[in-house]
Peer 1: 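Please see the structure below; I have some questions.
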Amino acid sequence: MAENGTDCDQRRIGMIKEQHNGNFTDPSLPCERKRRDREERQNIVLWRRPLITLQYFFLETLINLKEWTIKLWHRRSIVVSFLLLLAVLTAAYYIEGTHQQYVQYMEKKFLWCAYWVGLGILSSVGLGTGLHTFLLYLGPHIASVTLAAYECNSVNFPEPPYPDQIICPDEEGIEGSISLWTIISKVRLEACMWGAGTAIGELPPYFMARAARLSGAEPDDEEYQEFEEMLEHAEAAQDFASRAKLAVQSLVQKVGFFGILACASIPNPLFDLAGITCGHFLVPFWTFFGATLIGKAIIKMHIQKLFVIITFSKHIVEQMVSLIGAVPSIGPSLQKPFQEYLEAQRIKLHHKSDNGVPQGENWLSWMFEKLVIVMVCYFILSIINSMAQSYAKRVQQKTYSEEKTK
């Protein structure tokens with residue numbers, strides 16, 4: 001955005017020169033006004049202007065509800081069809097019969113998949129803070145399954161309580177029977193659903209850029225404006241970040257499907273730029289989404305699964321705990337909570353939680369639970385701030401339109 005400020009300065013200097021030559025130009029430059037409005041909106045947050053933020057949030061919520069109601073009314077045939085389908089499924093769910101075992105199975109699988117797809121979508125928006133839901137949910141789940149598989153020598157955990165709780169099956173497994181592929185197969189469904197969710201979460205930048213290109217409008221979106229500035233100043237780009245963005249843009253534009261697939265298959269913080277590029281250059285939807293889905297839900301997800309499973313395999317964990325204990329002075333004190341946590345997990349896996357063993361809460365699990373609570377609360381705050389700023393943008397656009405009509 002610094003380049004945008006430089007352009008504004010250059011245009012202001014040109015305007016002053018024109019004034020000296022007798023040609024008067026309106027001093028309120030559009031780029032300066034946009035920058036000023038954006039800075040004003042960014043100050044509308046709960047910790048700076050709580051009352052205004054909450055007021056704008058509720059007003060924006062009402063506007064969104066009204067807009068969605070109108071859209072649903074225009075598509076009432078689809079809504080009626082959906083309601084009829086929902087009524088049939090509800091009847092099948094509550095009517096007794098031999099089909100209930102299949103209904104319960106489908107319900108369980110559907111909710112399990114929807115849970116991970118939802119977390120994947122939240123991961124693409126960074127849970128409001130840029131922290132991956134992979135680190136908060138999927139990674140720990142894969143790690144727990146890995147530790148349990150090596151401890152139980154089996155992945156046939158009793159259902160229920162799995163996946164809510166992991167305990168070893170009654171029949172003992174054969175030592176050394178657990179392979180990398182066995183654990184990958186056990187967590188494949190949730191991992192692929194999470195990856196599919198991240199692919200769905202990449203669609204908003206694509207649709208925004210595509211709509212802007214087709215309509216000719218300039219959306220007040222910082223990432224899209226940075227993308228247009230990058231295209232304008234492509235030859236003058238010197239810093240690493242600009243060249244990396246240009247490389248992603250060039251790869252996607254020139255290679256097409258396989259370029260998008262390459263960008264989606266590796267951990268890539270610049271993938272939003274790939275979505276904007278595809279939308280801007282009107283890449284077909286299924287080309288973009290198909291490559292993104294394959295890359296994120298299959299290729300990238302298996303890479304991440306392998307990393308977590310290898311990292312939390314039994315011998316690696318034991319080596320890491322031993323290395324922590326080898327740290328001078330503070331090593332033993334740091335090693336103790338990790339050993340207690342691993343021992344507590346072993347006890348739980350072998351049904352020994354009620355056999356007189358004290359079940360004190362480990363500080364590691366306590367810290368992780370509090371971290372999740374803090375992240376979710378901050379996510380809610382970021383939604384409130386974002387919606388309040390959206391309403392402030394509506395007010396600014398309305399004011400600007402009124403000034404133009406005068």
Side-chain angles (χ1 to χ4, degrees), residues 64 67-68 70-79 81-82 85 110 113-114 116-127 132-134 189 191-231 234 244-304 386 390:
N64 286 336
E67 291 177 348
W68 277 101
I70 293 172
K71 289 179 180 178
L72 290 175
W73 175 252
H74 290 159
R75 296 168 175 81
R76 49 188 177 273
S77 59
I78 299 176
V79 174
S81 301
F82 176 77
L85 177 62
F110 175 79
C113 292
W116 289 111
V117 169
L119 287 178
I121 294 173
L122 289 178
S123 179
S124 290
V125 298
L127 202 60
H132 232 277
T133 53
F134 183 88
L189 177 63
C192 289
M193 290 299 103
W194 183 87
T198 62
I200 295 171
E202 299 293 351
L203 293 178
Y206 169 83
F207 285 124
M208 179 270 299
R210 184 180 179 87
R213 180 66 183 274
L214 291 173
S215 66
E218 293 185 5
D220 191 14
D221 182 87
E222 291 186 9
E223 289 185 347
Y224 187 75
Q225 290 177 355
E226 287 180 1
F227 171 75
E228 289 193 325
E229 290 171 11
M230 182 190 69
L231 293 181
K245 291 179 180 179
L246 283 171
V248 171
Q249 182 264 332
S250 178
L251 178 66
V252 170
Q253 185 182 358
K254 294 180 179 178
V255 184
F257 179 90
F258 293 102
I260 302 168
L261 182 65
C263 290
S265 300
I266 57 175
N268 184 5
L270 300 177
F271 191 79
D272 276 352
L273 185 64
I276 293 174
T277 301
C278 292
H280 181 79
F281 291 105
L282 304 180
V283 173
F285 170 77
W286 287 111
T287 300
F288 169 72
F289 185 65
T292 304
L293 186 64
I294 294 171
K296 286 184 172 289
I298 299 177
I299 302 175
K300 179 184 174 183
M301 201 60 257
H302 276 80
I303 294 173
Q304 291 177 301
S386 177
S390 296

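This one's a predicted model, so the numbers in the text were calculated from it and none came from an experiment.
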Peer 1: Using atom types as modelled and distance alone, determine if a side-chain donor or acceptor of Tyr206 lies under 3.5 Å from a backbone N or O of Phe285.
Peer 2: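 Between the backbone of Phe285 and the side chain of Tyr206 there is a qualifying donor-acceptor contact (under 3.5 Å).
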Peer 1: Taking all heavy atoms of Phe288 and all of Cys278, pick out the closest pair and write down the distance.
Peer 2: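 Closest heavy-atom pair between Phe288 and Cys278: CD1-SG, 3.5 Å.
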Peer 1: Could you report the tightest heavy-atom contact between Ala291 and Ala264, atom names first, then the distance?
Peer 2: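 Looking at all heavy atoms of both residues, the shortest contact is O-CB, 4.2 Å.
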Peer 1: Which pair of non-hydrogen atoms, one from Ala196 and one from Ala297, has the smallest distance, and what is that distance?
Peer 2: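 Nearest heavy atoms, Ala196 then Ala297: N-CB, 3.7 Å.
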Peer 1: Can you see which heavy atom on Ser265 is nearest to which on Gly295, and at what distance?
Peer 2: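 Looking at all heavy atoms of both residues, the closest pair is OG-CA, 3.4 Å.
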Peer 1: Got a second to check how far Leu293's CG is from Leu261's CG, nearest 0.5 Å?
Peer 2: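 Going from CG on Leu293 over to CG on Leu261, the span is 10.5 Å.
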Peer 1: Return the OG1 to CD1 distance between Thr292 and Ile200, rounded to the nearest 0.5 Å.
Peer 2: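 Here the rounded value is 11.5 Å.
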Peer 1: Taking Ser123 for the side chain and Leu119 for the main chain, is one N or O donor matched with an acceptor at less than 3.5 Å?
Peer 2: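 Pair absent, no side-chain N/O of Ser123 close to backbone of Leu119.
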Peer 1: With rounding to the nearest 0.5 Å, note down the distance linking CE in Met193 to CE in Met301.
Peer 2: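 Answer for the CE-CE pair, Met193 versus Met301, is 11.5 Å.
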Peer 1: Kindly compute the distance separating CH2 (Trp194) from CG (Leu122), expressed to the nearest 0.5 Å.
Peer 2: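 If I round to the nearest 0.5 Å, the distance is 11.0 Å.
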Peer 1: Restricting to non-hydrogen atoms, name the atom on Leu72 and the atom on Val79 that form the minimum distance, rounded to 0.1 Å.
Peer 2: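 So the minimum-distance heavy-atom pair works out to O-CG2, 3.7 Å.
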Peer 1: When rounded to the nearest 0.5 angstrom, what distance separates CG in Leu282 from OG1 in Thr287?
Peer 2: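 So the CG of Leu282 and the OG1 of Thr287 are separated by 12.0 Å.
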Peer 1: For atom CZ of Phe258, is the number of surrounding heavy atoms from other residues, nucleotides or ligands below 6.0 Å larger than 12?
Peer 2: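 It does not: Phe258 CZ has 12 such atoms or fewer within range.
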Peer 1: Might you work through the side-chain contact (heavy atoms from CB on, under 4.5 Å) test for Thr198 and Glu202, ending with a clear yes or no?
Peer 2: CA-CA 7 Å; Thr198 62; Glu202 299 293 351; 5.6 Å; no
